[in-house]
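Count residues from 1 along the sequence.
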Amino acid sequence: MKNKNIIKKITHGMYVLTTTNGGCIVDAVSQISGGDEPLISVAVMKKNYTNELLKKNNKFAISVLSKDVNPEIIKVFGMNSMRDINKFEKVKTTQKEEIQIIDDSIGYMICEIIDSIDNDTHTVFIGKIIEADCFKEEKEPMTYAYYQENKEDLLKITTEKGKTAWICTVCGYIYYGDELPDDFKCPICGVGKELFKLKEN
């Protein structure tokens with residue numbers, strides 16, 4: 001592949017996916033059928049702890065983020081793992097169908113998992129919508145393109161003074177060290193060292 005940047009031109013939204021005991025930021029969400037019980041698909045990285053949880057649980061929720069969402073929600077759910085912190089302690093949520101919904105969102109969909117498809121890096125989970133609501137219809141959804149264009153302002157990543165930091169340009173993860181190992185992979189989003197940029201304090 002000559003230039004993978006073209007992939008970023010595919011239009012996506014920005015969402016928080018939640019399930020029992022976990023959740024993460026996702027962008028690859030699609031409606032794949034209509035009718036009274038539409039089907040929704042969402043792709044989740046295999047390395048992500050939320051992927052493990054989804055394979056144990058039978059439901060997930062998608063909270064739709066707006067352009068003016070509190071950036072802390074993106075930081076908490078996109079730059080951390082539930083293996084390390086309880087994300088729900090840091091973000092206001094409301095429980096629906098035993099799953100936490102993000103309060104600061106345009107609305108949500110709760111889906112019952114009916115199928116899943118594995119590929120090399122991701123699992124695509126397919127869910128049937130069993131409950132949904134839209135409570136901030138006037139808000140404009142955040143697109144993946146908007147997030148990429150405004151990521152530095154949204155995330156406002158700060159690093160420790162006096163340390164050499166490498167920042168993942170995809171998710172914002174920070175690695176401290178003079179050099180990145182050649183085989184380094186981001187522990188959050190899985191990209192290689194070529195997608196890290198150096199930030200010197």
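Ion pair K136/D104 flagged as a salt bridge, since at least one NZ, NE, NH1 or NH2 atom sits closer than 4.0 Å to an Asp/Glu carboxylate oxygen. Salt-bridge annotation for K67 and E140: present, with a side-chain N of the basic residue lying under 4.0 Å from a carboxylate O of the acidic one.
Transitive grouping of hydrophobic side chains (ILVMFWY, heavy atoms separated by less than 4.5 Å) keeps I101 and M109 in distinct clusters. One hydrophobic cluster, built from ILVMFWY side chains closer than 4.5 Å, holds both I117 and I114. V69 and I25 fall within a single hydrophobic cluster, where Ile, Leu, Val, Met, Phe, Trp and Tyr are joined by side-chain heavy atoms under 4.5 Å apart, directly or via other members.
In the hydrophobic clustering (ILVMFWY side chains linked at under 4.5 Å, chained through shared members), M45 stands by itself.
Taking all atoms of both residues into account, the shortest heavy-atom contact from A61 to I110 is CB-CG1, 4.1 Å. When all heavy atoms of F60 and I40 are compared, the closest pair comes out as CZ-O, 4.3 Å. In terms of heavy-atom proximity, I106 sits nearest to L65 at CD1-O, 4.0 Å. Nearest approach of T164 to L198, heavy atoms of both residues: CG2-CD1, 3.3 Å. Closest approach of T20 and L53 over heavy atoms only: O-CD1, 3.8 Å. Taking all atoms of both residues into account, the shortest heavy-atom contact from Q31 to G34 is NE2-CA, 3.8 Å.
Here side-chain hydrogen bond (donor to acceptor under 3.5 Å, both in side chains) pairs that include residues 35-50, with residues two or more places apart or in two chains, are N48-T50. Among residues at least two apart or in separate chains, salt bridge (Lys or Arg N to Asp or Glu O under 4.0 Å) pairs with a member in residues 78-92 are E52-R83.
Applying the side-chain hydrogen bond (donor to acceptor under 3.5 Å, both in side chains) rule to S66 yields the partners D68; only residues at least two apart in sequence or on another chain are considered. Under the ring pair (Phe, Tyr, Trp, His ring centres under 6.0 Å) criterion, F184 pairs with Y175, F196, sequence neighbours left out. For D182, the salt bridge (Lys or Arg N to Asp or Glu O under 4.0 Å) test picks out K193, with sequence neighbours left out.
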Check the pair Y108, F135 against side-chain contact (heavy atoms from CB on, under 4.5 Å), reporting the backbone distance first and the verdict last.
CA-CA 9 Å; Y108 66 90; F135 36 78; 3.6 Å; yes
